[in-house]
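Everything quoted here is computed from the prediction, not taken from an experiment.
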Amino acid sequence: MRTAFGEQFDVPDGYLNTASIGIPPAAVADAVERAVADWRRGRSSPPDFDADVAAARAGFAALVGVPVERVAIGATVSQLVAQVAVSLPAGSRVVVRAGEFTSVTFPFAAQAARGVVVDEVPAAELADRAAEADLVAVSVVQSADGAVADLAGLRAAQAAGTTVVLDVSQSLGWLDAEIGWADAVVGAGYKWLLSPRGSAWLAVSPSVRERMVAHQAGWYAGDDPWTTVYDLPLRLAPDARAFDVSPVWFAQVGAAAALPWLAGLDRAAVHAHCVGLADALRAELGMAPAGSAIVSLSGPDVGERLAAAGVRSSVRAGAVRVGFHLYNDANDLDRVVRALKR
């Protein structure tokens with residue numbers, strides 16, 4: 001059991017795979033276990049989960065830096081991005097980074113029948129090319145290599161009239177960066193937000209909210225889900241809740257315990273801890289600092305050597321990916337260094 005930032009984590013030594021799946025604080029896992037036990041014994045009632053949904057929504061809003069009224073809930077990133085994509089005017093031009101995670105790009109590419117054109121461009125050209133497009137969609141931190149997007153350049157493109165959609169699934173929870181200015185911010189909970197899979201959120205600006213259509217409207221998108229659950233007419237929530245998807249209950253229970261805690265941490269300290277370990281690894285291996293918690297490692301037998309040393313990692317885009325989060329420490333760093341420099 002490790003202690004980090006005031007919480008305990010039952011995380012094994014050498015676990016550096018947060019970019020695939022985050023390890024929850026013990027208190028988060030305990031909350032989910034209690035909810036499952038109540039379900040198992042017939043003590044659950046659907047309205048009981050409303051408070052968890054609200055707490056998790058507020059936690060995401062605080063982490064992004066937007067009013068809670070701008071946040072919709074969902075289960076996956078692609079599900080929420082699709083609500084933005086399907087509301088684009090026919091013939092819109094979209095720019096994405098080459099090599100972008102497909103949960104960000106596929107929802108827009110699927111609009112081709114409506115004349116929506118999606119161009120992939122090199123990362124170095126993304127901000128400049130974005131200024132020529134109607135919308136740009138990009139991960140703030142790339143899944144495969146940990147590269148951090150040019151947020152200042154994207155903000156300049158927004159000032160020129162481009163809608164900016166940011167995926168924060170690989171950044172929110174460790175990166176200390178202002179992102180509330182973006183037109184849409186989407187993120188999954190099961191990585192750096194240390195929540196169960198099945199929790200995701202979308203924060204939308206008022207201008208984007210006005211042109212979106214609630215194509216997935218269901219009972220939970222109603223003005224009051226417990227009184228608008230039957231019969232027409234359509235009675236959607238007046239804010240971003242109109243884009244809510246029925247919650248995955250146990251995922252929201254975990255998120256309700258994790259996100260408010262994460263939102264209350266010293267973000268600069270979290271950033272310094274995670275990036276400090278990652279850049280220390282880069283320095284040990286002769287790599288330049290990158291300001292990212294994710295490190296992409298190439299070379300013969302890297303994955304096998306790390307696995308033999310008890311390091312949990314993953315392979316993305318032909319390289320081994322490791323990531324440093326709150327619960328990692330110098331021992332994890334040393335384990336990687338010893339494995340790769342012996």
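- Of the possible donor and acceptor atoms, none in the side chain of S103 sits under 3.5 Å from a partner among the backbone N and O of F101.
- Side-chain atoms of W192 and S171, non-hydrogen and from C-beta on, never get closer than 4.5 Å to each other.
- When side chains are defined from C-beta on, W261 counts as touching L194, because their heavy atoms get closer than 4.5 Å.
- Tracing side-chain contacts under 4.5 Å through hydrophobic residues (I, L, V, M, F, W, Y), one reaches V11 starting from L262; they form part of the same cluster.
- More than 12 heavy atoms of other residues, nucleotides or ligands sit less than 6.0 Å from atom CZ of R321.
- Between the side chain of R335 and the backbone N or O of V311 there is no donor-acceptor pair closer than 3.5 Å.
- With respect to the salt-bridge test (charged N to carboxylate O, under 4.0 angstrom), the residues D279 and R282 qualify.
- Atoms CH2 and CH2, from W219 and W226 in turn, are 3.5 Å apart once rounded to the nearest 0.5 Å.
- Using a 4.5 Å heavy-atom cutoff, the side chains of Y15 and I21 are in contact.
- Put simply, the side chain of Q252 does not reach to within 4.5 Å of the side chain of F49, judged on heavy atoms.
- The hydrophobic clustering, which links ILVMFWY residues whose side-chain heavy atoms are closer than 4.5 Å, places V275 and V337 apart.
- W249 is not listed as a side-chain neighbour of V253, based on a closest heavy-atom distance of 4.5 Å or more.
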Run D332 and L277 through side chain to side chain contact (heavy atoms under 4.5 Å, CB included) and show every step you take. CA-CA 9 Å; D332 299 315; L277 289 168; over 6 Å; no
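- Linking Ile, Leu, Val, Met, Phe, Trp and Tyr whenever their side-chain heavy atoms come within less than 4.5 Å puts L193 and V71 in one cluster.
- Taking hydrophobic clusters as Ile, Leu, Val, Met, Phe, Trp and Tyr residues chained together by side-chain heavy-atom distances below 4.5 Å, V141 shares a cluster with V185.
- The main-chain N or O of R70 is never found under 3.5 Å from a side-chain atom of R209 such that the two would form a donor-acceptor pair.
- Under a cut-off of 6.0 angstrom, the local environment of OH in Y220 is crowded, with over 12 non-hydrogen atoms contributed by other residues, nucleotides or ligands.
- Judged by distance alone, the side chain of S87 and the main-chain N or O of V213 form a donor-acceptor pair under 3.5 Å.
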Evaluation steps, side-chain hydrogen bond (donor to acceptor under 3.5 Å, both in side chains), between D38 and S44: CA-CA 6 Å; D38 286 344; S44 296; 5.4 Å; no
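- Not a single donor-acceptor pair under 3.5 Å links the side chain of Q79 to the backbone N or O of G74.
- At least one test fails for R2 against the ring of Y327: distance under 6.0 Å to the centre or angle within 45° of the axis.
- One finds the CG atom of D266 at 8.0 Å from the CZ atom of F5 (value rounded to the nearest 0.5 Å).
- To the nearest 0.5 Å, atom CZ of residue R305 and atom CG of residue L297 are 10.5 Å apart.
- Here the OH-OG distance, from Y190 to S20, works out to 8.0 Å after rounding to the nearest 0.5 Å.
- For the pair Q170/S139, no side-chain contact is recorded, criterion being any heavy-atom separation below 4.5 Å from C-beta on.
- The existence of a salt bridge linking D167 and K191 is excluded, since no basic side-chain nitrogen approaches an acidic carboxylate oxygen closer than 4.0 Å.
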Determine, stepwise, if the pair R97 / D145 fulfils salt bridge (Lys or Arg N to Asp or Glu O under 4.0 Å). CA-CA 13 Å; R97 185 193 123 149; D145 60 12; 3.4 Å; yes
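- The only member of D183, T163, V66, V164 that meets side chain to side chain contact (heavy atoms under 4.5 Å, CB included) when paired with S205 is D183.
- Aromatic rings from H325 and W174 are positioned such that their centres are separated by 6.0 Å or more.
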Applying side chain to side chain contact (heavy atoms under 4.5 Å, CB included), run through V295 and M287 and close with a yes or a no. CA-CA 10 Å; V295 184; M287 302 165 64; 4.1 Å; yes
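- Taking 4.5 Å as the limit, every side-chain heavy atom of S298 sits out of range of all side-chain heavy atoms of V302.
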Where do L166 and W181 land on the side chain to side chain contact (heavy atoms under 4.5 Å, CB included) test, with the steps shown first? CA-CA 10 Å; L166 300 179; W181 54 269; 4.3 Å; yes
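- Nearest heavy atom pair, residue D10 against residue M1, reads N-SD, 3.5 Å.
- The CZ atom of R312 sits 10.5 Å away from atom CG of L16, with the distance rounded to the nearest 0.5 Å.
- Around atom CH2 of W39, no more than 12 heavy atoms belonging to other residues, nucleotides or ligands sit under 6.0 Å away.
- The shortest non-hydrogen separation linking V204 to M212 is CG1-SD, 3.9 Å.
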Checking S92 against R114 for the side chain to side chain contact (heavy atoms under 4.5 Å, CB included) test, could you report, in this order, the C-alpha distance in whole Å, the side-chain angles of both residues, the deciding distance, and whether it holds? CA-CA 9 Å; S92 295; R114 300 194 300 112; over 6 Å; no
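- Under the 3.5 Å distance criterion, the side-chain polar atoms of D244 are matched with a main-chain donor or acceptor of I73.
- Considering only heavy atoms from C-beta on, V165 comes within 4.5 Å of L135 through its side chain.
- The salt bridge (charged side-chain N to carboxylate O under 4.0 Å, His left out) test applied to E178 returns R155, not counting sequence neighbours.
- Side-chain atoms of Q111 come within 3.5 Å of backbone atoms of P107 as a donor-acceptor pair (strictly under, hydrogens ignored).
- Looking only at distances, a side-chain donor or acceptor of S169 sits under 3.5 Å from a matching main-chain atom of A188.
- Side chain of S313 to backbone of V320: no donor-acceptor contact under 3.5 angstrom is found.
- Residues G187 and V168 share a closest heavy-atom pair of CA-CG2, 3.9 Å.
- Between V248 and A75, the shortest heavy-atom contact is CG2-CB, 4.1 Å.
- Taking both residues in full, the closest heavy atoms of A251 and S199 are given as CB-N, 3.9 Å, listed atom of the first, atom of the second, then distance.
- Taking both residues in full, the closest heavy atoms of T162 and A131 are given as OG1-CA, 3.7 Å, listed atom of the first, atom of the second, then distance.
- In summary, R267 and D176 do not engage in a salt bridge, as defined by a charged side-chain N under 4.0 Å from a carboxylate O.
- Here the OG-CZ distance, from S296 to R316, works out to 11.0 Å after rounding to the nearest 0.5 Å.
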